[in-house]
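Shown next, in C-alpha cells, is the structure this report addresses.
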2 protein chains.
Amino acid sequence: MVREYGCDMRGMLSFQILWLVSKKPMHGEQIAEEIRKRRGEKPKAGTIYPALKEMSSRKLIKGRKSGKTITYSITPAGEKAVSQAITYFVRSFGDIFKSA
Amino acid sequence: MVREYGCDMRGMLSFQILWLVSKKPMHGEQIAEEIRKRRGEKPKAGTIYPALKEMSSRKLIKGRKSGKTITYSITPAGEKAVSQAITYFVRSFGDIFKSA
DNA sequence: TGCTATATATAGGACATGCTATATATTTAA
DNA sequence: TTAAATATATAGCATGTCCTATATATAGCA
C-alpha cells in the first residue's frame, strides 16, 4: 500500500479511526470512506470491522445499532486516548509535517 | 509504547529514519537518539540496525564505514521515496496535525 | 415475495514491526 | 595491554496490522 513510497504507514489505522469518530459519530462504511479520501485506498471490511470491534472492547468508542448500521461515537476514555495520541503524534512527527 | 494512548504508531520507524537521514547523514546511534528526542523512547539496537540494513538493501540509504561507526546518507532513490512518503503522510494525516 | 445492494462479522493467514538476548568489532581509559 | 564503553550485527520471537474469503442481516425495489 505505502510500500511503494519506501515506507509503510501501518499501525496508524486505529489512531485515524479514533480521531475521525472524535470529530463526528459515524458507522463503519462512513469511516472507511473518510480514510479513503485521505489515503487513497479504502480499508476493506475485514480491516475496518475488527478494528472497530477491538476499540469497542477497549471502551474507546461505543456503537449504537439502528437498522443495519452501527453508529460509533467516542467515549470519555476515547477522548482522553485520542488527545494523548495526538500529543505524541505531533511531538514525534511534527517536524516532518513542517518540512513538507 | 504508544499502546497506553489507545493506539500504536508502529510502522513509522523506517519513514522517520529516512526523513532524518535525508536531513543529515548520521550513524545508527545518532539516529536512535534523534528518535528518542521525538518519541521519548530510544529504539533498541535490535530495532535500529535491522531497519538500517533493510533500507540499505533497498538502496534508499547507503552507509560509509569509518572506524566503529557507519554513517548513513540518503541516495537519490531514497530522496524520491521520502518525498513521496511525505506527500502521502501529509495527505493522510494532515488534518490531524491541523486539529492539534 | 424474491432480488439486489448495503452493512456488518469473522476465520485464517501473510507479513512487518520492533523486541530480547547475545555476539562481535572498535575505541578509549586505566 | 587489559578493561570498559561504544557501535554494530543477528537470531528468534511475540505481537499487531490488514488482507482474502466467506457468511449473515437488513433495507429497498421489482
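Quantities reported herein were computed from a predicted structural model and do not represent experimental measurements. Here is how names work: the chains are called A, B, and so on, in the same order as the sequence lines, proteins then strands, and each is numbered from 1. Only this structure's heavy atoms are used, side chains among them; waters, hydrogens and symmetry mates stay out.
With sequence neighbours excluded, the residues satisfying salt bridge (Lys or Arg N to Asp or Glu O under 4.0 Å) with A:R36 are A:E33. For A:E79, there are no side-chain hydrogen bond (donor to acceptor under 3.5 Å, both in side chains) partners at least two apart in sequence or on another chain. Evaluation of the side-chain hydrogen bond (donor to acceptor under 3.5 Å, both in side chains) rule for A:K53 yields no partner, not counting sequence neighbours. For A:S83, the side-chain hydrogen bond (donor to acceptor under 3.5 Å, both in side chains) criterion is met by no residue, not counting sequence neighbours. The salt bridge (Lys or Arg N to Asp or Glu O under 4.0 Å) check on B:K37 picks up B:E34, with sequence neighbours excluded. Shown here are the side-chain hydrogen bond (donor to acceptor under 3.5 Å, both in side chains) partners of B:K98, two or more places apart in sequence or in another chain: there are none.
Applying the salt bridge (charged side-chain N to carboxylate O under 4.0 Å, His left out) test to residues at least two apart or on different chains, none of the pairs has a partner in residues 13-22 of chain B.
Between the CG atom of B:L13 and the C1' atom of D:dG16 there is a distance of 15 Å, given to the nearest Å. Computed from coordinates, the B:E33 CD to D:dT6 C1' distance equals 14 Å when rounded to whole Å. The nearest whole Å value for the distance from the NZ atom in A:K42 to the P atom in C:dT6 is 9 Å. For B:Y49 and C:dA21, the OH to C1' distance is 16 Å, given to the nearest whole Å. When the P atom of D:dT10 is taken as reference, atom CG of B:L52 falls 12 Å away, rounded to whole Å. When the P atom of C:dT17 is taken as reference, atom CG of B:L18 falls 13 Å away, rounded to whole Å. If you take CD1 of A:I48 and P of D:dT20, they are 14 Å apart, rounded to a whole angstrom. Between the CD1 atom of A:I17 and the C1' atom of D:dT17 there is a distance of 11 Å, rounded to whole Å.
Side-chain N/O atoms of B:K53 include one lying less than 4.0 angstrom from OP1 or OP2 on D:dT10.
Each of A:P50 and B:A45 has a nearest nucleotide on DNA chain D; the 5'-most of these lies closest to B:A45.
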Verdict with supporting geometry, A:K23 and B:D95, salt bridge (Lys or Arg N to Asp or Glu O under 4.0 Å)
CA-CA 11 Å; A:K23 293 292 162 192; B:D95 51 3; over 6 Å; no
Under the 3.5 Å Watson-Crick or G-U criterion, the dot-bracket string of DNA chain D, with | for inter-strand pairs:
||||||||||||||||||||||||||||||
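A heavy-atom distance below 4.0 Å to DNA chain C is reached by these residues of residues 63-73 of chain A, ordered by number: A:K68, A:T69, A:I70.
With C:dT17, D:dT8, D:dT17 as the choices, the nucleotide that has an atom nearest any side-chain atom of B:E29 turns out to be D:dT8.
Residue-level contact check: A:G28 touches the backbone only, with heavy atoms under 4.0 Å from sugar-phosphate atoms and none from bases.
In summary, the aromatic rings of B:F97 and B:F93 are positioned with their centroids too far apart to meet the 6.0 Å limit.
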